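Remarks on the structure that follows.
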Amino acid sequence: MNLFDLAGSDAIQTITFPVEKEGLAPFIQRRQPVLLDGIREMLPFTRPWNYEFFRQALKSIRIQRKSEDGIYHYLGFERIPMADFDHIMETTHNGYALEPLKGQGVSGDLPSEFSVALPSFIPESGFRVSNLYIGPGGNKSLLHYDETHSLLMMLEGRKRFILFSPDQSDCMYPYSPFSLKALLENRVVDSRIDCQNPDVKSFPKLNQAKGLSGWLEEGQALFIPAGTWHFIEAEGRNVSVNYFWLQNSLKDWLNQPLLDFWIKRRAIDLLDQLRKVKHKLSAA
């Protein structure tokens with residue numbers, strides 16, 4: 001058994017990439033995932049973007065290595081020359097690139113001519129970051145959710161996904177907001193489930209979960225609403241770019257899993273303050 005065996009019979013809806021400001025509003029309001037066709041036509045700056053383009057355009061890139069469980073945990077990044085990453089892509093495959101292109105964390109190494117426009121339906125006030133992801137194949141995420149909405153655009157290759165709605169959070173077995181270990185390891189949005197070999201004896205509510213599964217193909221984008229649990233696995237060399245933006249109502253924050261996220265973030269902020277006090281006391 002793997003997580004994709006929990007997919008229900010429903011198929012994910014596919015629409016044409018919206019050009020209107022309110023074009024995604026019905027899906028945002030219903031917290032409904034959807035596939036969008038035609039990203040290269042609607043966002044012309046993406047037309048030349050593939051692995052060869054970035055291999056030539058970037059001098060360096062930020063990567064992470066696989067952990068012992070074979071998963072990329074979005075921790076422990078290092079910046080390496082693009083030529084070294086290209087060698088990894090062709091040989092060991094032990095590296096996955098995550099390079100911010102716009103918004104938070106953009107590197108000074110990023111060429112100044114890079115221009116990432118926001119789709120009309122993403123409000124500038126809520127925008128957080130746009131990331132470039134490059135993987136050699138077989139790269140997969142943890143089962144997790146984000147506090148922001150996400151739009152994942154496939155530029156080369158394909159990725160298989162399974163999504164679980166926020167109201168199935170009890171079946172996803174998140175870490176407790178009071179787990180000090182999870183807080184220290186920054187596992188605030190992760191599930192405890194092993195996606196490759198789900199243990200239904202230890203996590204019996206998994207049998208009640210019904211996921212929405214499909215393939216994200218080149219030229220498509222996947223809208224993942226905030227609080228939606230998702231697991232994504234790439235097939236072959238893959239290049240994708242996403243947008244994260246915050247557009248949650250008070251009602252959204254009062255329901256799971258975003259309520260848990262809010263509590264966990266406050267706990268992490270408290271831990272950070274305690275660390276600073278400890279540091280000041282030890283330096284005195």
Side-chain angles (χ1 to χ4, degrees), residues 12-47 49 62 74 98-107 110 112-133 141 144-155 159 161 163-167 169 188-189 212 216 219-230 232 239-266 268-269:
I12 188 168
Q13 185 176 347
T14 302
I15 63 171
T16 301
F17 198 97
V19 295
E20 304 86 4
K21 183 177 179 180
E22 299 300 320
L24 207 59
F27 298 93
I28 292 175
Q29 291 167 4
R30 295 194 297 265
R31 287 297 194 267
Q32 178 184 345
V34 65
L35 284 170
L36 312 179
D37 275 337
I39 60 173
R40 295 196 188 275
E41 292 77 14
M42 299 304 179
L43 299 175
F45 66 89
T46 66
R47 288 175 184 169
W49 285 9
R62 194 180 73 149
Y74 300 107
L98 191 166
E99 184 71 42
L101 297 180
K102 181 181 177 69
Q104 301 170 351
V106 173
S107 167
L110 193 70
S112 58
E113 64 268 20
F114 266 71
S115 176
V116 180
L118 297 183
S120 57
F121 52 79
I122 296 181
E124 188 77 43
S125 59
F127 173 70
R128 292 296 182 265
V129 67
S130 175
N131 293 318
L132 165 68
Y133 303 94
S141 70
H144 70 288
Y145 67 90
D146 297 299
E147 78 278 15
T148 55
H149 298 318
S150 174
L151 186 74
L152 181 63
M153 305 187 298
M154 205 71 222
L155 303 174
K159 290 183 175 181
F161 61 84
L163 315 173
F164 298 91
S165 60
D167 60 12
S169 289
V188 296
V189 297
L212 186 64
L216 177 60
Q220 290 186 317
L222 173 63
F223 169 61
I224 305 175
T228 299
W229 293 87
H230 52 284
I232 300 176
V239 179
S240 54
V241 169
N242 82 335
Y243 297 94
F244 285 120
W245 76 99
L246 196 63
Q247 199 177 359
N248 298 324
S249 66
L250 177 60
K251 179 182 176 182
D252 298 323
W253 286 113
L254 291 176
N255 286 289
Q256 297 295 357
L258 296 184
L259 178 59
D260 258 8
F261 175 84
W262 188 90
I263 295 171
K264 291 171 184 177
R265 288 308 310 174
R266 302 293 78 74
I268 288 174
D269 291 343

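Values in this document were obtained by computation on a predicted structure and should not be read as measured data.
- Every residue two or more places apart in sequence or in another chain was checked for a ring-ring contact (aromatic ring centres under 6.0 Å, His included) with Phe161, and none qualifies.
- Shown here for Leu258 and Glu147, the closest heavy-atom pair between the two residues is CD2-CA, 3.7 Å.
- Every residue two or more places apart in sequence or in another chain that forms a side-chain contact (heavy atoms from CB on, under 4.5 Å) with Thr148 is listed here: Arg128, Asp146, Phe244, Leu246.
- Side-chain contact between Ile232 and Leu152 is present, with at least one heavy-atom pair separated by less than 4.5 Å.
- Residues passing the ring-ring contact (aromatic ring centres under 6.0 Å, His included) test with Phe164, sequence neighbours excluded: none.
- Across Gly38 and Phe17, no two heavy atoms sit closer than the pair O-CB, 4.1 Å.
- The distance from the OG atom of Ser249 to the CD1 atom of Ile28 is 11.5 Å, given to the nearest 0.5 Å.
- The stretch residues 241-250 participates, sequence neighbours left out, in no salt bridge (charged side-chain N to carboxylate O under 4.0 Å, His left out) pair at all.
- Counting heavy atoms of neighbouring residues, nucleotides and ligands inside a 6.0 Å radius, atom CH2 of Trp253 exceeds 12 of them.
- Under a 3.5 Å cut-off, the side chain of Thr14 and the backbone N or O of Leu35 do not form any donor-acceptor pair.
- Residues satisfying the ring-ring contact (aromatic ring centres under 6.0 Å, His included) test with Tyr243, not counting sequence neighbours, are none.
- Residues Leu43 and Met153 meet the side-chain proximity criterion, which asks for heavy atoms closer than 4.5 Å.
- The two atoms that bring Gly105 and Pro100 nearest to each other are O-CG, 3.5 Å, heavy atoms only.
- The side chain to side chain donor-acceptor pair (under 3.5 Å) analysis of residues 24-45, with sequence neighbours excluded, yields the pairs Gln13-Gln32, Arg30-Gln32, Arg31-Asn248, Arg31-Asp252, Asp37-Gln220.
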- request: With ring pair (Phe, Tyr, Trp, His ring centres under 6.0 Å) as the test, would you mind laying out the steps for Trp245 and Phe127 before giving the verdict?
  value: CA-CA 4 Å; Trp245 76 99; Phe127 173 70; 8.9 Å; no
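- Note that the CG atom of Leu101 and the CG atom of Asn131 stand 7.0 Å from one another [nearest 0.5 Å].
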message: Run the side chain to side chain contact (heavy atoms under 4.5 Å, CB included) test on Leu98 and Tyr133 for me, step by step, so that the C-alpha distance in whole Å, both residues' side-chain angles and the decisive distance to 0.1 Å come before the verdict.
response: CA-CA 5 Å; Leu98 191 166; Tyr133 303 94; 3.5 Å; yes
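- Under the side chain to side chain donor-acceptor pair (under 3.5 Å) criterion, Ser165 pairs with Asp167, Gln168, sequence neighbours left out.
- His149 contributes a side-chain N or O that, together with a main-chain N or O of Ala226, makes up a donor-acceptor pair within less than 3.5 Å.
- For residues 240-250, no residue pair satisfies the salt bridge (charged side-chain N to carboxylate O under 4.0 Å, His left out) rule, not counting sequence neighbours.
- A pairwise comparison of heavy atoms in Pro166 and Pro257 identifies CB-CD, 3.8 Å as the closest pair.
- Listed by first then second residue, pairs satisfying salt bridge (charged side-chain N to carboxylate O under 4.0 Å, His left out) with a partner in residues 13-25 number zero, not counting sequence neighbours.
- Scored by the side-chain contact (heavy atoms from CB on, under 4.5 Å) test, Val239 finds Tyr51, Phe54, Leu132, Ile134, Leu155, Glu156 as partners (sequence neighbours excluded).
- Residues meeting the side-chain contact (heavy atoms from CB on, under 4.5 Å) test with Ser107, sequence neighbours left out: Arg79, Glu99, Asp109.
- What you find for Lys251 and Asn255 is that their closest heavy atoms are O-ND2, 2.8 Å.
- Under the rule for a side chain to side chain donor-acceptor pair (under 3.5 Å), Trp49 has no partner lying at least two apart in sequence or in another chain.
- Between Ile12 and Leu212, the shortest heavy-atom distance links the atoms N-CD1, 3.7 Å.
- Here the side chains of Phe121 and Leu151 are in contact, with some heavy-atom distance below 4.5 Å.
- Side-chain contact check for Trp229 versus Ser169: some heavy-atom pair is nearer than 4.5 Å.
- Here NZ of Lys264 is found 10.5 Å from CG of Leu259. Values are rounded to the nearest 0.5 Å.
- Side chains of Ile224 and Asn242 form no contact here, defined as non-hydrogen atoms less than 4.5 Å apart.
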